Engineer: 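One structure, as C-alpha cells, below. Some questions next.
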Amino acid sequence: MSKIAVVGCTGAVGIELVKCCHARLSVFGTESPDLYASPRSAGKVLDTPYGPLTVIEFNIETLKSKSYDFIFLAVSGDFSLKNAIPLTTNVNGTDTYVIDNSSAYRYHSDVPLVVPEINFDSIAQMNSKLIANPNCTTAIAAMALYPIHQQFKIKKLIVSTYQAASGAGEPGMQELLDGCKAHVNGETMPENKIFSHPLPFNCIPMIDKLQDNGYTKEEMKVAWETRKIFRTDDIKVSATAVRIPTLRAHAEAITMETEKDISPMAVVECLKGKPGVVVEDDPANNVFPVPLNCSGRDEVSVGRIRQSLIFDEKGVDLFVCGDQLLRGAALNAVLIAEKLAQ
Ligand code: HSE
C-alpha cells in the first residue's frame, strides 16, 4: 500500500491524478492521497472518487514528515525548481519518489524523463528519486512512434500539433466556453486573457514562449524530449504547435522518414497489441482518431496511415490523438508510480 501526495490538486492535471490513483486501488491501496495546494485553495473540499477530501496548505516540512512513497507535482516550474529535490528526502529516510509534471528538470542529464512503456529502466540507470513527466504532445506521439522507431529507425519527424484549450488548464477551457457562448448569443466576445488571440472559431499557430530560433518552447520540447526518451540524438525533429478550439485531447499530424523501408500495413502490424496504443484507421468509413473520441481515454489513437509522397518507401504520414491530461500528464505519471510500486 502506498502513501501518496498530490501537490497542485485543484488544477486540471491534479484532478486527473487523483482519479488515476483511484483507478488503481489494487496497486496503491484504498487510502486516499493527501491533497496539497496553495494557501488560496487550502480548506476547500474537493469531490473526488475517494469521497470528499479537504485540500491541505502546502508546507514542505509537513510533506517530509509524512514520508510519502510518491509525491506528484502538478505545479509551476518555479515551484518544482525550489521544492522537487528537497521533497525526495523524508524524516524516516525511506524512498520518496517525486514525479514532476513541469518542465523544470526534464532536460537535466541526471533526471530521467520517462514514458513507462518506453524507458522505465532509465529510473534505475540514473538512480534518481526525482522523475520528470514529459510534455503532453511529446508523450502522446512517443507512444505511437517508439514501436515504429524500434522496427524502422526514424530519421526525421515533422510534427504539426492541434492542441486543446485545456492544455492551458481550467482557465483556458473557461475562456473558450465563455467566448463561444458570447459569439452564439450575439454578445461582445470577452477579452482574451489566457490565449494570445480569441480562440473560439479560430486557431493560434504559436504556443508558449518564442525561442531565438523562431520556434516556440512547446515546439522545441517535442524535439528535445523525443530524443531524450528514445535515447538517441540521431532523430531530426521539426514541429509547429497550434492551439485549436477543442476542449480536451491533443492531436498531431506526423510525417516521418525512416532508415528502413516502411509501409502503412507494416505500421499497423507493428502497432498491433502495443500497450497504450490503438490503431483506428478505416478512412473510407470515416474511422480515424478525433479529439472527442479520445477525451477521457487512456489509449493513444493512430490513423490516416499513408505512404509518404515525399519519402516514398522510406516514410509514412499518420495522425495521432490522445488525452493530454491523461497520457500527456496524469496517467503517464501514475503509470510510472504503478511500475515502481510493483
Ligand atoms: N503545454 C501544453 C499545452 C500542456 O499548452 O497544450 C499540455 O497539456
Side-chain angles (χ1 to χ4, degrees), residues 6 8-17 19-20 72-80 99-107 113-115 132-143 159-177 192-199 202-211 215-226 228-229 237 239-254 291-292 294-298 300-301 320-336:
V6 176
C9 61
T10 57
V13 174
I15 289 165
E16 294 302 327
L17 279 164
K19 288 188 198 162
C20 288
F72 295 109
L73 296 183
V75 289
S76 70
D78 287 344
F79 185 100
S80 292
I99 304 173
D100 179 24
N101 200 55
S102 84
S103 61
Y105 285 98
R106 286 183 192 153
Y107 315 117
L113 174 66
V114 177
V115 173
N133 211 36
N135 162 262
C136 47
T137 44
T138 310
I140 290 165
M143 288 298 293
V159 180
S160 301
T161 75
Y162 306 82
Q163 297 183 219
S166 54
E170 181 63 33
M173 284 196 272
Q174 204 53 55
E175 186 166 301
L176 172 61
L177 289 170
N192 50 295
K193 293 192 176 133
I194 304 295
F195 301 114
S196 60
H197 288 260
L199 189 56
N202 210 357
C203 76
I204 306 170
M206 193 167 116
I207 300 176
D208 211 344
K209 292 193 190 81
L210 205 54
Q211 308 293 285
Y215 288 77
T216 68
K217 190 161 181 211
E218 184 78 0
E219 290 161 347
M220 293 313 299
K221 282 175 183 175
V222 182
W224 298 329
E225 296 183 24
T226 302
K228 182 162 177 180
I229 295 163
V237 183
T240 305
V242 182
R243 184 76 66 198
I244 61 162
T246 50
L247 280 176
R248 185 160 167 165
H250 288 357
E252 303 172 54
I254 300 176
L292 275 183
C294 291
S295 299
R297 252 168 86 180
D298 286 358
V300 164
S301 173
V320 178
C321 188
D323 188 318
Q324 94 285 358
L325 294 174
L326 292 176
R327 169 52 66 178
L331 175 70
N332 196 78
V334 171
L335 289 176
I336 293 170

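As the structure lists them, so they are numbered: ligands from 1, and atoms in each ligand from 1. These figures come from a predicted structure and were not determined experimentally. Just the heavy atoms: all of them, side chains too, but no hydrogens, waters or symmetry mates, feed the values below.
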Engineer: Considering the heavy atoms of Gln324, write down every atom of ligand 1 situated less than 4.0 Å from one of them.
Structural biologist: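 Near Gln324, the atoms of ligand 1 are 8 (O).
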Engineer: Tyr107 and side chain to side chain donor-acceptor pair (under 3.5 Å): which partner among Lys221, Glu225, Lys228?
Structural biologist: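 Considering Lys221, Glu225, Lys228, a side chain to side chain donor-acceptor pair (under 3.5 Å) with Tyr107 is found only for Glu225.
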Engineer: Identify the protein heavy atom lying closest to atom 7 (C) of ligand 1, giving its residue, its atom name and the separation to 0.1 Å.
Structural biologist: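 Scanning the protein heavy atoms, the shortest distance from atom 7 (C) of ligand 1 goes to Cys136 SG, 2.2 Å.
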Engineer: Looking at side-chain heavy atoms only, is the closest gap between Glu175 and Leu199 below 4.5 Å?
Structural biologist: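 No, too far: nothing below the 4.5 Å cut-off.
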Engineer: Would you check if the side chain of Gln211 reaches a backbone N or O of Thr216 as a donor-acceptor pair within less than 3.5 Å?
Structural biologist: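 No, because the side chain of Gln211 does not come within donor-acceptor range (under 3.5 Å) of the backbone of Thr216.
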Engineer: What do you reckon, does His250 put a non-hydrogen atom under 4.0 Å from ligand 1?
Structural biologist: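 Flag set, His250 near ligand 1.
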Engineer: Grab the two heavy atoms, one from Ala104 and one from Asp100, that are nearest each other, plus how far apart they are.
Structural biologist: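 Result for this residue pair: CB-OD2, 4.1 Å.
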Engineer: Ligand 1 and Arg243, any nitrogen or oxygen pair closer than 3.5 angstrom?
Structural biologist: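 Yes: some nitrogen or oxygen of Arg243 is under 3.5 Å from one in ligand 1.
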Engineer: Quick one: nearest non-hydrogen protein atom to atom 3 (C) of ligand 1, plus distance?
Structural biologist: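 Heavy-atom neighbour on the protein nearest atom 3 (C) of ligand 1: Gln163 NE2, 3.3 Å.
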Engineer: Please state which protein non-hydrogen atom is closest to atom 1 (N) of ligand 1 and give its distance, to 0.1 Å?
Structural biologist: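 Residue, atom and distance for the closest contact: Glu218 OE1, 2.9 Å.
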Engineer: Do the side chains of Arg243 and Glu218 get close enough for a salt bridge, i.e. N-O under 4.0 angstrom?
Structural biologist: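 No, this pair does not count.
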